[in-house]
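Note sheet for the following structure.
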2 protein chains.
Amino acid sequence: MSGEDDFVLALRVADAGLEARLLALLGGVPGLRLAEEGEAADAVLSDADARAGGPELTPREREVLELLTTGASNRAIGAALGISAHTAKFHVARLLDKLDATGRTDAVAHAARLGVVHL
Amino acid sequence: MSGEDDFVLALRVADAGLEARLLALLGGVPGLRLAEEGEAADAVLSDADARAGGPELTPREREVLELLTTGASNRAIGAALGISAHTAKFHVARLLDKLDATGRTDAVAHAARLGVVHL
DNA sequence: GCGCCTACTGCCCGGCCGGGCAGGGTGACG
DNA sequence: CGTCACCCTGCCCGGCCGGGCAGTAGGCGC
């Protein structure tokens with residue numbers, strides 16, 4: 001039956017115009033169909049990562065943020081970067097402020113949503 | 001010039017076979033081209049969310065996990081769900097165990113990578 | 001009826017987190 | 001030369017986290 005071996009693609013796009021454009025581009029591709037609401041998909045097409053949004057981060061802040069996504073403590077971040085835990089904590093505080101986060105868990109989630117980190 | 005108004009799509013796919021299949025499907029679509037390494041894209045096509053991976057979570061655990069992604073404390077989770085902070089903490093501990101995470105920040109990152117939550 | 005699972009609650013403890021405050025050094029720029 | 005941004009370090013404090021331990025109750029399958 002038609003569709004059985006189709007590649008199922010789910011769209012997760014915030015911009016309605018972008019979504020319409022994608023529907024037009026991908027709607028007629030043989031072997032590919034778009035997933036319905038709630039349907040399991042083979043892959044997801046999202047504009048989240050491409051947003052390249054979020055605040056400007058310094059190189060050190062990026063390094064600290066990457067380590068935050070691994071669940072590292074301030075002490076572990078300090079050890080990984082060869083700095084003191086106090087300094088690591090200072091950078092984490094700067095990140096919380098720039099990402100408008102209430103804590104490191106919130107910071108990681110915000111950063112992922114903004115496309116600042118890829119999980 | 002050709003390509004100027006193209007929709008630029010970046011692939012972030014772990015499976016090589018899947019990537020090849022996508023290249024075959026999308027390579028010939030007019031108005032669409034695939035981003036080069038490091039190039040900024042309009043959207044990202046990823047199999048991360050579609051993996052539907054990760055452990056089986058109970059309904060309550062899913063609720064707690066959603067609240068974790070907002071950076072909520074155990075006390076806040078308890079308040080939001082109408083249960084005690086101790087119970088919220090119990091569910092968080094179960095999540096850390098199921099997601100093989102060292103802490104709530106790690107749990108949120110793991111869950112996002114596995115497609116258990118969408119950030 | 002029993003065992004298992006889920007959901008719930010409490011307490012204790014050591015370590016960690018985050019805000020606030022103090023301070024210093026270096027390099028780039030006008 | 002002064003200023004600014006970035007990076008670094010220390011200390012204090014209250015609150016939070018996570019592991020460990022104890023317990024209860026209800027629903028479901030055998």
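Everything numeric in this text was worked out from a predicted model, so none of it was measured. Chain A is the first sequence line, chain B the second, and so forth, proteins listed ahead of strands; every chain is numbered from 1.
The shortest side-chain heavy-atom distance between B:Arg33 and B:Leu9 does not fall under the 4.5 Å cut-off.
Atoms CG (B:Leu95) and C1' (D:dC17) sit 15 Å apart, rounded to a whole Å. Distance, B:Glu63 CD to C:dC8 P: 9 Å, rounded to whole Å. Straight-line distance from the CZ atom of B:Arg75 to the P atom of C:dT9: 15 Å, rounded to whole Å. Distance A:Leu81 CG to D:dC8 C1': 12 Å, rounded to the nearest Å. For A:Asp106 and C:dG19, the CG to P distance is 11 Å, given to the nearest whole Å. Atom CD1 in A:Ile83 sits about 10 Å away from atom C1' in D:dT9, given to the nearest Å. In this structure, CG of B:Leu57 is placed 13 Å from C1' of C:dT6, rounded to the nearest angstrom. Atom-to-atom, CG of B:Asp97 to C1' of C:dT6 comes out at 15 Å; the value is rounded to the nearest Å.
In this structure, the nucleotide among D:dC16, D:dC6, D:dG18 sitting nearest to the side chain of B:Leu96 is D:dG18. You'll find that the side chain of B:Ala93 is closest to D:dG19, out of D:dC7, D:dG19, C:dC16. Candidate nucleotides C:dT9, D:dC8, D:dC17 were compared by shortest atom distance to the side chain of B:Asn74, and D:dC17 ranks first. Distance from the side chain of A:Arg94 is smallest to D:dC6 among C:dG10, D:dC6, D:dC17. With distances taken from any side-chain atom of A:His86 to the nucleotides D:dC8, D:dG10, C:dC8, the minimum falls on D:dG10. Of the listed nucleotides (C:dA7, C:dG19, D:dC6), D:dC6 has the atom at the smallest distance from the side chain of A:Thr58.
For the pair B:Arg104 (side chain) and B:Ala72 (backbone), a donor-acceptor distance under 3.5 Å is present. A donor-acceptor distance shorter than 3.5 angstrom exists from the side chain of B:Lys98 to the backbone of B:Glu56, with no hydrogens or angles considered. Of the possible polar contacts, one joining the B:His110 side chain to the B:Leu99 backbone as a donor-acceptor pair under 3.5 Å is found.
A sub-4.0 Å separation between OP1 or OP2 of D:dC16 and a side-chain N or O of B:Ser73 is absent.
To the nearest 0.5 Å, the span separating OG1 on A:Thr87 from CG on A:Leu81 amounts to 10.0 Å.
Within the 4.0 angstrom heavy-atom criterion, base atoms lie near B:Thr87.
Residue-to-nucleotide proximity on DNA chain C shows that, of A:Phe90 and B:Lys98, the 5′-proximal contact is made by B:Lys98. With the nearest nucleotide of DNA chain D identified for both A:Lys89 and B:Arg104, A:Lys89 has the one nearer the 5' end.
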